[in-house]
Structures are given as structure tokens and as C-alpha cells.
Asks: 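One structure, as C-alpha cells, below. Some questions next.
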Amino acid sequence: MRGRKPKPTALKILDGDRADRINQAEPRIPDADLDLPEHFCCLADGLAHAREHWAELAPLLSSVGLLTEGDRPALALLCEAYALFRLDPLDYKARDLYRRMLIEFGLTPSSRSRVKAAGEAPANPLAEFLMNDTA
């Protein structure tokens, strides 16, 4: 497939994209449990950083709806790339893989800057003043 990679639907929703640009027929994959992948228990001690990184990222991604059962292998790959990078910070292949995986999950400043979290509207100081003045 040529061109830009499509933005994940969860990010489109958070970004506030128009409804007609959101794939309503996208398969729904259940949310993931936060348990470590089974193969992480067998990783060499040098890759312990992968387990630590999973414990850090899984709750964060789950809280914003970006971690499903289908995303677990990609997150495991991200954590393994992090562990390899930590073992040898000069390994540019591991560093590049880690960087690319961070982008996939929207975990870099530039990839995150395209997302607008849906939340409360910003406070209007004038409206607050007028509401408090009449009371």
C-alpha cells in the first residue's frame, strides 16, 4: 500500500475526525489484559528491561484505549526492541526499530501532536466571572 499509513480509529476518534472519515465497520477487538506475554518469562536476564517497559506502557496505552488483544504482539515487539537498545545503545538497528514502534503507538512528541484528546472544553474566564457575579 502506497502513501501514508492510515491513522488508527482510536486516534481518529480522539483527534475529533469527521464521522464520515471513521471506519464504522472496523473489526472490534477486545481490550487486552495487562499481563505480561508468556514468552517474557523466558527472556534472558539481559532483556529484563522488556518486562519493566511492558509494566510501564501497558497501563498507559490501555487507559487511552490503544491496547487491544491484537496490539499485544506489537507492544511486545516494542518492549523487546527497548531491551535490545538498552543492552547496546550503539545498536542503530535496535534504536531505529524502537523509534518506529513508538511512533506506531503515538508515543513520540511528533506523533502525539496530531492527536487531540476529547475532554472537557477549556474554561472561559469571562463566563465563569459572570456566573459567579450573579450568584
Side-chain angles (χ1 to χ4, degrees):
M1 186 171 181
R2 298 177 69 175
R4 282 187 181 177
K5 289 189 234 172
K7 190 188 310 183
T9 299
L11 292 180
K12 284 183 180 183
I13 292 170
L14 286 174
D15 194 26
D17 284 7
R18 293 186 342 220
D20 64 324
R21 293 191 176 183
I22 295 174
N23 180 4
Q24 300 299 331
E26 181 179 72
R28 305 284 184 227
I29 299 175
D31 291 340
D33 61 3
L34 303 181
D35 298 335
L36 285 170
E38 290 179 17
H39 72 278
F40 270 34
C41 64
C42 305
L43 291 177
D45 288 338
L47 297 178
H49 294 293
R51 290 186 285 273
E52 294 169 8
H53 210 43
W54 179 278
E56 179 183 349
L57 291 180
L60 173 70
L61 293 171
S62 181
S63 71
V64 293
L66 293 176
L67 184 60
T68 66
E69 284 299 322
D71 301 322
R72 284 176 56 90
L75 181 58
L77 181 61
L78 184 153
C79 294
E80 290 165 8
Y82 174 75
L84 291 173
F85 165 67
R86 289 290 306 266
L87 283 175
D88 183 7
L90 298 178
D91 181 355
Y92 293 104
K93 287 183 180 181
R95 178 187 297 220
D96 187 55
L97 175 62
Y98 179 58
R99 181 189 57 79
R100 286 187 284 134
M101 292 305 297
L102 285 173
I103 291 169
E104 288 291 323
F105 282 98
L107 292 173
T108 64
S110 62
S111 64
R112 188 174 52 251
S113 69
R114 295 182 215 121
V115 177
K116 296 175 188 166
E120 294 181 23
N124 182 340
L126 178 59
E128 286 180 19
F129 175 75
L130 292 175
M131 292 289 285
N132 292 331
D133 189 39
T134 59

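None of these values were measured; they are calculated from a predicted model. In this chain, numbering begins with 1 at the start of the sequence shown.
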Asks: Where is the tightest heavy-atom contact between Trp54 and Ala76, given as atom of each residue plus distance?
Replies: CZ3-N, 3.7 Å
Asks: Going by an N to O cut-off under 4.0 Å, is there a salt bridge joining Asp91 and Arg95?
Replies: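 Result for this pair is no, no salt bridge flagged.
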Asks: Rounded to the nearest 0.5 Å, what separates atom CG in Leu97 from atom CG in Leu84?
Replies: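 Answer for the CG-CG pair, Leu97 versus Leu84, is 8.0 Å.
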Asks: Is Asp96 salt-bridged to Arg99, going by a charged N under 4.0 Å from an acidic O?
Replies: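 The answer is yes: the pair qualifies as a salt bridge.
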Asks: Rounded to the nearest 0.5 Å, what's the gap from CD on Glu80 to CZ on Arg51? Could you check?
Replies: 11.0 Å
Asks: Atom CG of Leu87 and atom CZ of Phe85: how far apart are they, to the nearest 0.5 Å?
Replies: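 Result: 11.0 Å between the selected atoms.
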Asks: Mind listing the closest non-hydrogen atom pair of Leu78 and His53 along with its distance?
Replies: CD2-CD2, 3.6 Å
Asks: At their closest point, which heavy atom of Ala83 faces which heavy atom of Ala50, and how far apart are they?
Replies: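 In terms of heavy atoms, the two residues are closest at CB-N, 3.6 Å.
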Asks: With a 4.5 Å cut-off on side-chain heavy atoms, are Asp33 and Arg72 touching?
Replies: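 Arg72 vs Asp33: side chains touch.
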Asks: Give the minimum heavy-atom separation between Phe105 and Asp71, together with the two atoms involved.
Replies: CZ-O, 4.0 Å
Asks: Looking at every non-hydrogen atom in both residues, tell me the closest pair between His49 and Arg86 and how far apart they are.
Replies: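 Taking every non-hydrogen atom into account, CE1-NH2, 3.4 Å.
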Asks: Locate the shortest heavy-atom distance separating Pro59 from Leu34; write the atom from each residue and the value.
Replies: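 Reported closest heavy-atom pair: CA-CD1, 4.0 Å.
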Asks: Output the distance between atom CG (Leu61) and atom CD (Glu56), rounded to the nearest 0.5 Å.
Replies: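 Reported value, rounded in 0.5 Å steps: 10.0 Å.
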